Protein chains: 2
Amino acid sequence: MSDTREAVLAAARSRAQAHGYTGLNFRDLAEEVGIKGASIHYHFPSKAALGAAVAKRYREDSAAGLEKMWSKSQDPAAVLKRYPGIFRKALEDGNRMCMCGQMAAEYDDLPDEVKVEVKGFADDHMAFLAKVLTAAKPDTSAAATRQRARAIYAAVTGAQLLARSRADLKAYDETIEAYRVMGLFTP
Amino acid sequence: MSDTREAVLAAARSRAQAHGYTGLNFRDLAEEVGIKGASIHYHFPSKAALGAAVAKRYREDSAAGLEKMWSKSQDPAAVLKRYPGIFRKALEDGNRMCMCGQMAAEYDDLPDEVKVEVKGFADDHMAFLAKVLTAAKPDTSAAATRQRARAIYAAVTGAQLLARSRADLKAYDETIEAYRVMGLFTP
DNA sequence: ACCTGAACACCGTTCAAGT
DNA sequence: ACCTGAACACCGTTCAAGT
């Protein structure tokens, strides 16, 4: 892994969170890194390959973050309560979105190799939530747990999308609070 | 209003639902309508103007649809129950998104005149939901009602975004069902 | 009134060629 | 191994000209 490759990946990740896959462009990315647009091609054969690499890395980092949170606390209720904070961070940091939420919106325009990672990101999150929910309530049916995990993931994504179009962190917090009151995050 | 202008508007609407504002381009649109790209400028001075016109029309049609549903039924519980079906329709019709949800994801790249309509669409929907909720429970505080309306809108949007990236209507239905069970649609 | 062809300036993508 | 120049395709836009 060269430094240049890593620098491109980092720049692309930041840009993809704000502008999606479509908003990724070699020339701006290169300028940020200090090379020419064409040079990115040496590290990533195509835009699709770059997009897939960025999404894959994002997915991996996210999964690692979730596991770290879980292994540290082992407290399902606490983890579920903290979960929406992960998505809040992107909004705090320049009104960005979760990259895979952003890319889900442009799903039909994504190369297949990127689609796989975007879908995988959601799968990872829902599987993680299901695991935590099961730890809290082992007797709940797998189907009901899956359904709850999906509801949590969709709600948090929707709240982020809504808050973003108003550049309003408070809107995010209040929406999450409404879900909390309804017991969405309570196993 | 000429037929051509209407045809461009219709083509642009369909395309924007699938590909967003960025995915709109004059040449493809023109081809669909049977004219040349340059000719669209006779009807819409710029891409921003076209985008704003499309979003505005979409917003107006949507608001009219909500009001029609309400005036026909006057039953808050029934209307709330039917609300998620509106967003389901877009998925049914070629795995499309609600246009303004789609555009919310690319919000930072939108011209101001388009932003106004995207934000207005969400405002319309939340105001409508608040109205219906108030009709059912007049004694609930305005703040609590607003919060619930926001939660409903965000949840439905999130469910749509999730279902879309799997081209899976059942995922949408099951997510909505999870919210229903939690009482999200029950005033 | 409505549409077109040609041109413009710009930008992302690609690839043969450079070091 | 790593990078670039230059060509290419495509974009929104303009405008004189056509019907």
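No experiment lies behind these values; they were computed from the predicted model shown. Side chains included, hydrogens not; waters and symmetry mates left out as well; all remaining heavy atoms used.
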| Partners of A:Y107 by ring-ring contact (aromatic ring centres under 6.0 Å, His included), sequence neighbours excluded? |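 Per chain and number, A:Y107 pairs via ring-ring contact (aromatic ring centres under 6.0 Å, His included) with no residue.
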| query | So what is the 5' to 3' dot-bracket string for DNA chain C, if pairs are Watson-Crick or G-U wobble with both distances under 3.5 Å, crossing pairs use [ ] and | means the partner sits on another strand? | reply | ||.|||||...|||||.||
Side-chain donor-acceptor distances from residues 124-135 of chain A under 3.5 Å, at least two apart:
from   : atom 1 : to     : atom 2 : distance (Å)
A:D124 : OD1    : A:R59  : NH2    : 3.3
A:D124 : OD2    : A:R59  : NE     : 2.8
A:H125 : ND1    : A:Y83  : OH     : 2.6
A:H125 : NE2    : A:S62  : OG     : 2.7
A:K131 : NZ     : A:E67  : OE1    : 3.0
A:K131 : NZ     : A:E67  : OE2    : 2.9
A:T134 : OG1    : A:A130 : O      : 2.7

| query | Could B:K119 and A:D168 be called an ion pair, given the rule that one side-chain N must be under 4.0 Å from one carboxylate O? | reply |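 No, B:K119 and A:D168 are not salt-bridged.
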| said: Strictly below 4.0 Å, N to O, side chains only: are B:D75 and B:R82 in salt-bridge contact? | reply: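 Between B:R82 and B:D75 there is no salt bridge, as every charged N stays at least 4.0 Å from the carboxylate O atoms.
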| request: Not counting sequence neighbours, list each pair that qualifies as a side-chain hydrogen bond (donor to acceptor under 3.5 Å, both in side chains) and has a residue in residues 139-153 of chain B. | output: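 Sorted result for residues 139-153 of chain B: A:E174-B:R150.
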| request: Answer whether the closest heavy-atom distance between the side chains of B:M99 and B:F121 falls below 4.5 Å. | output: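 Side-chain contact under 4.5 Å: no.
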Donor-acceptor contacts, no H, no angles, side chain residues 30-43 of chain A, under 3.5 Å, sequence neighbours left out:
from  : atom 1 : to    : atom 2 : distance (Å)
A:S39 : OG     : A:K36 : O      : 3.3
A:H41 : NE2    : A:P45 : O      : 2.4

| message | Once ring pair (Phe, Tyr, Trp, His ring centres under 6.0 Å) is applied, what residue pairs with a partner in residues 167-187 of chain A remain, sequence neighbours excluded? | response |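 Those involving residues 167-187 of chain A do not exist here.
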| said: Counting only side-chain nitrogens and oxygens, does A:T4 get under 4.0 Å of the OP1 or OP2 atom of D:dC2? | reply: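 No.
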| request: Apply side chain to side chain donor-acceptor pair (under 3.5 Å) to A:E106 and list each qualifying residue two or more places apart in sequence or on a separate chain. | output: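 With neighbours one apart ignored, the set is A:T22.
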| field | The single option from A:I176, A:I152, A:T175 passing side-chain contact (heavy atoms from CB on, under 4.5 Å) against A:P84 | value |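 Among the candidates, only A:I176 passes.
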Are any protein N/O atoms closer than 3.5 Å to N/O atoms in nucleotides 16-19 of chain D? If there are, list each pair with its distance.
none

| query | For residues 89-105 of chain A, which residue pairs qualify under salt bridge (charged side-chain N to carboxylate O under 4.0 Å, His left out), counting only residues two or more places apart or in two chains? | reply |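 As it turns out, the salt bridge (charged side-chain N to carboxylate O under 4.0 Å, His left out) pairs with a partner in residues 89-105 of chain A, which skip direct neighbours, are A:R88-A:E92, A:D93-A:R96.
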| task | Just grab all the salt bridge (charged side-chain N to carboxylate O under 4.0 Å, His left out) pairs involving residues 43-53 of chain B, residues at least two apart or on different chains. | result |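 Salt bridge (charged side-chain N to carboxylate O under 4.0 Å, His left out) check on residues 43-53 of chain B returns no pairs.
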| request: Using heavy atoms and a sub-4.0 Å distance, could you list which residues of residues 37-49 of chain A are near DNA chain C? By number, please. | output: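 Going residue by residue through residues 37-49 of chain A, the ones with a heavy atom under 4.0 Å of DNA chain C turn out to be A:A38, A:H41, A:K47.
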| task | Strictly below 4.0 Å, heavy-atom distances to any atom of DNA chain D: list the hits from residues 11-36 of chain A, or just say none. | result |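 DNA chain D contact set from residues 11-36 of chain A: A:I35, A:K36.
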